[in-house]
Amino acid sequence: GCSIGAGAGQMSRVDSAKLAASKAKEASIKAQEEVIRTVGSVCASDAFFPFADGLDAVIAAGATAVIQPGGSKRDSEVIAAADAHNIAMVFTNMRHFKH
């Protein structure tokens, strides 16, 4: 495996997800691939998903699994969104990004 898109450093979690997907799509087009690289991908986040909107963005890009630290007050809502879209979600219980 390899990184196919990164959305680091954005103020918006949704914009970060969309930026990563956009970079992967650009790479796929440049390589003249028939299938966009995000289809069937795994999304890794160094911070938890505080709302389902960031998760929705990676699902729209084609991710089928997510790994994240968890720990949001709304983890149950994010888990419900993952379940609704039938994607796998793994919690590391370790946050790598600290303020």
Side-chain angles (χ1 to χ4, degrees):
C2 66
S3 294
I4 57 171
Q10 304 304 306
M11 297 299 292
S12 164
R13 65 194 169 276
V14 176
D15 288 347
S16 184
K18 289 179 179 179
L19 177 62
S22 175
K23 290 192 170 290
K25 183 177 181 179
E26 288 175 20
S28 293
I29 291 169
K30 187 175 182 179
Q32 299 179 342
E33 296 169 339
E34 291 183 29
V35 178
I36 302 299
R37 294 177 182 195
T38 55
V39 175
S41 65
V42 174
C43 170
S45 179
D46 63 354
F48 59 71
F49 285 86
F51 302 97
D53 55 359
L55 182 66
D56 291 337
V58 300
I59 291 168
T64 57
V66 173
I67 185 167
Q68 59 135 328
S72 169
K73 293 178 183 178
R74 295 183 177 88
D75 274 348
S76 60
E77 294 173 27
V78 176
I79 292 168
D83 288 346
H85 292 284
N86 200 32
I87 71 162
M89 180 174 289
V90 175
F91 289 92
T92 65
N93 297 314
M94 181 186 300
R95 189 149 187 216
H96 298 283
F97 177 79
K98 297 179 181 171
H99 295 275

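Each residue takes its place number in the sequence, starting with 1. Values in this document were obtained by computation on a predicted structure and should not be read as measured data.
Put simply, CD1 on Ile36 and CD on Glu26 are 10.5 Å apart, with the number rounded to the nearest 0.5 Å. Residue Lys73 holds its NZ atom at 9.0 Å from CZ of Phe48, rounded to the nearest 0.5 Å. Between atom CD of residue Glu77 and atom CZ of residue Phe51 there is a gap of 8.0 Å, rounded to the nearest 0.5 Å.
Here the shortest heavy-atom pairing between Ser45 and Ala47 reads OG-O, 2.6 Å. Here the shortest heavy-atom pairing between Met89 and Ala82 reads CE-CB, 3.8 Å. Closest non-hydrogen pair, Ser72 versus Pro50, comes out as OG-CA, 3.4 Å. Closest heavy-atom contact between Val58 and Ala17: CG1-CB, 3.7 Å. Residues Asp75 and Phe49 come closest through the heavy atom pair OD1-O, 4.5 Å. Here the closest heavy-atom approach between residue Gly54 and residue Val14 is recorded as N-CG2, 4.0 Å.
Counting heavy atoms from C-beta outward, His85 and Asp56 have side chains that approach closer than 4.5 Å.
Ile87 is not connected to Val39 by any chain of hydrophobic side-chain contacts under 4.5 Å among Ile, Leu, Val, Met, Phe, Trp and Tyr, and they are in different clusters. Under the 4.5 Å side-chain heavy-atom criterion for ILVMFWY residues, a single connected hydrophobic cluster contains both Phe91 and Leu55.
With Gln68 contributing its side chain and Gly70 its backbone, the two residues share a donor-acceptor pair below 3.5 Å.
Among Glu33, Glu34, Lys23, the single residue meeting the side chain to side chain donor-acceptor pair (under 3.5 Å) criterion with Ser28 is Glu33.
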